**Q** 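Below are the structure tokens for one structure; questions will follow.
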Amino acid sequence: SDVAFPRYPGFVTLPSGAQTRDLCVGDGDVVLGLASSSSSSSTDDDALVATIEWGAWTVHQGRLVVPLLPPSPGALGFTPERLTFHLATRFGGEVIPAIRDAVAGMRVGGVRRVLVPPTASASYPYVPLTAYSTAGGPSSPTLTKYGRAPLYPTELGAQSTRAGEGPTPSEPAASAWMEYVLTRNAFTIKPTDRSMLFDVRLVSVVSTAETKTTGGRSRLRSTVGYSCRAATAEDQPGVVNEKGGDGGASYWTAALPTGGDYVRHAEGLVRQYSDNFRAEQMTE
């Protein structure tokens, strides 16, 4: 928690230390501020459930872990990773804090980029190394890259993607790489390089209270048939980090998808949905 993480230009730094940047703005429902009540009673906020599609990179080596966009426009068989979670913060253990915080203020159909430092207040939980060992990890608490001695105190524990908090990849190779960076080399890879970068598309916000009273039908919409526009500086939800404040650490993000890429992808989804709808109408 005492590490100074680079502030990526164009991003907004949240209280948790996570940084966000809108890439494209959807035209669907907006997610308002999130509930933080610890009360066990049910509230309207407690009933809201978000579904996101997400992609991810490790800052270490700038490696793509999970793609949000298909490898080529119109590629067949591509399905983005999805995650559903309650918006109320009292539902802990479903999603890492940075992703829940980042969804606040988004509109359904939009895409927001989220830089997540490896802190307990923003990222995956820290667990004792003994707990990680019993979960099937390395048996030695000092197992590090190339057998080097740990650079950081091992009593702090290591991050675990196996604690139940998403997002976590479904592909074994992607999961193994995240474990390699966040856990197996938690004491040899410097903290700034153990940050994660996520692109998050808000697919839907559903009121579970309403679906119970309408037989499973919700008035809140999803991204199907939605459009989005490229975000501008005015769309950023807060004070934007200044240029050059990261010491060049964000250079590797220049090759990542842009807001325009996501806008074009959304337009393709709209066309596909319209074509499918017309085809269904003609067969009825």
Side-chain angles (χ1 to χ4, degrees), residues 5 7-8 10-39 41-56 68 80-125 165-168 195-210 218-223 226 228-241 259 262 266:
F5 290 93
R7 296 203 170 193
Y8 281 24
F11 284 66
V12 173
T13 303
L14 304 180
S16 66
Q19 301 174 48
T20 68
R21 180 179 183 177
D22 278 344
L23 298 181
C24 67
V25 180
D27 63 355
D29 298 299
V30 63
V31 178
L32 301 178
L34 307 184
S36 59
S37 172
S38 60
S39 171
S41 61
S42 177
T43 67
D44 291 341
D45 287 328
D46 288 348
L48 292 179
V49 175
T51 296
I52 62 170
E53 293 175 342
W54 60 279
L68 179 54
E81 294 271 13
R82 282 198 173 194
L83 177 66
T84 297
F85 54 91
H86 287 84
L87 290 178
T89 56
R90 75 182 188 89
F91 290 92
E94 295 179 334
V95 64
I96 61 175
I99 297 298
R100 180 183 275 115
D101 292 347
V103 167
M106 288 187 71
R107 286 188 175 274
V108 171
V111 179
R112 181 169 286 178
R113 183 159 288 166
V114 189
L115 178 65
V116 183
T119 59
S121 63
S123 191
Y124 296 94
E165 294 188 13
T168 54
S195 298
M196 296 287 302
L197 191 73
F198 294 91
D199 279 1
V200 175
R201 178 189 292 119
L202 183 57
V203 174
S204 66
V205 180
V206 175
S207 172
T208 55
E210 180 173 336
S218 173
R219 65 178 174 83
L220 299 182
R221 302 168 293 172
S222 70
T223 55
Y226 272 40
C228 67
R229 61 174 176 80
T232 65
E234 288 72 25
D235 292 312
Q236 306 309 323
V239 179
V240 176
N241 298 337
Y262 286 114

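These numbers come from a predicted model, not from an experiment.
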**Q** Say you draw a straight line from OG of S207 to CG of D29; how long is it, rounded to the nearest 0.5 Å?
**A**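 Reported value, rounded in 0.5 Å steps: 11.0 Å.
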
**Q** Restricting to non-hydrogen atoms, name the atom on R201 and the atom on V111 that form the minimum distance, rounded to 0.1 Å.
**A**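 Looks like CB-CG2, 4.0 Å.
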
**Q** Apply side-chain contact (heavy atoms from CB on, under 4.5 Å) to the pair V108 and V205, showing each step before the final yes or no.
**A** CA-CA 7 Å; V108 171; V205 180; 4.0 Å; yes

**Q** Donor-acceptor pair, R112 side chain versus A104 backbone, under 3.5 Å?
**A**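 Such a contact is found between R112 side chain and A104 backbone.
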
**Q** Only one of T20, L202, V30 forms a side chain to side chain contact (heavy atoms under 4.5 Å, CB included) with M106, so which one is it?
**A**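 Answer to the side chain to side chain contact (heavy atoms under 4.5 Å, CB included) test with M106 among T20, L202, V30: L202.
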
**Q** Taking side chain to side chain contact (heavy atoms under 4.5 Å, CB included) as the definition, give me every residue that meets it alongside A230, ordered by chain and number, with sequence neighbours left out.
**A**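 Partners of A230 under the side chain to side chain contact (heavy atoms under 4.5 Å, CB included) test: V263.
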
**Q** Show me the side-chain donor-acceptor pairs of residues 92-99 shorter than 3.5 Å, one per line, residues at least two apart or across chains.
**A**
residue : atom : partner : partner atom : Å
E94     : OE1  : H86     : N            : 2.7
E94     : OE1  : H86     : ND1          : 3.4
E94     : OE2  : H86     : ND1          : 2.9

**Q** Can you name the closest pair of heavy atoms from M196 and A56 and give their distance?
**A**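 Smallest interatomic distance, heavy atoms only, reads CE-CB, 4.1 Å.
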
**Q** May I ask you to test the P167-F85 pair for a side-chain heavy-atom distance under 4.5 Å?
**A**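 Not in contact.
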
**Q** Measure across A231 and Q236 and return the closest heavy-atom pair with its distance rounded to 0.1 Å.
**A**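 Nearest heavy atoms, A231 then Q236: CB-NE2, 4.1 Å.
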
**Q** Can you list the residues that meet the salt bridge (charged side-chain N to carboxylate O under 4.0 Å, His left out) rule with R21, with sequence neighbours excluded?
**A**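 With sequence neighbours excluded, R21 shows a salt bridge (charged side-chain N to carboxylate O under 4.0 Å, His left out) to no residue whatsoever.
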
**Q** Looking only at non-hydrogen atoms, find the nearest pair between T232 and D235 and report the distance.
**A**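 Shortest heavy-atom contact: N-OD2, 2.8 Å.
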
**Q** Not counting sequence neighbours, which residues clear side chain to side chain contact (heavy atoms under 4.5 Å, CB included) with S123? List them please.
**A**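 Side chain to side chain contact (heavy atoms under 4.5 Å, CB included) list for S123, sorted by chain: V116, Q159.
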
**Q** With a 4.5 Å heavy-atom cut-off, do E165 and P125 have their side chains touching?
**A**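 With C-beta onward as the side chain, the pair touches.
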
**Q** Where is the tightest heavy-atom contact between S16 and A122, given as atom of each residue plus distance?
**A**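 Answer, listing the atom of S16 first, then A122: O-CB, 3.9 Å.
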
**Q** Does a side-chain heavy-atom distance below 4.5 Å link P237 with D22?
**A**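 Yes; the side chains approach each other to less than 4.5 Å.
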
**Q** What residues form a ring-ring contact (aromatic ring centres under 6.0 Å, His included) with F11, not counting sequence neighbours?
**A**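 For F11, the residues satisfying ring-ring contact (aromatic ring centres under 6.0 Å, His included) (neighbours in sequence not counted) are Y8.
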
**Q** Does some side-chain heavy atom of L68 sit less than 4.5 Å from a side-chain heavy atom of F198?
**A**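 Not in contact.
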
**Q** Side-chain contact, heavy-atom cut-off 4.5 Å: Q19 with N241?
**A**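 Yes, side chains in contact.
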
**Q** Measure the shortest side-chain to side-chain distance between S195 and L115 over non-hydrogen atoms and say whether it is less than 4.5 angstrom.
**A**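 Yes - at least one pair of side-chain heavy atoms lies under 4.5 Å apart.
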
**Q** Could you walk me through whether V103 and L87 pass the side-chain contact (heavy atoms from CB on, under 4.5 Å) check?
**A** CA-CA 8 Å; V103 167; L87 290 178; 4.0 Å; yes

**Q** Taking the side chain as everything from C-beta on, heavy atoms only, tell me whether I52 gets closer than 4.5 Å to V200.
**A**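 Heavy-atom side-chain distance check passes, below 4.5 Å.
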
**Q** T51: what forms a side chain to side chain contact (heavy atoms under 4.5 Å, CB included) with it, not counting sequence neighbours?
**A**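 In terms of side chain to side chain contact (heavy atoms under 4.5 Å, CB included), with neighbours along the sequence ignored, T51 is linked to R82, T84, V203, S204.
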
**Q** Side chains of V25 and C228: does their closest heavy-atom pair fall under 4.5 Å?
**A**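 A side-chain contact is absent here, since even the closest heavy-atom pair is not under 4.5 Å.
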
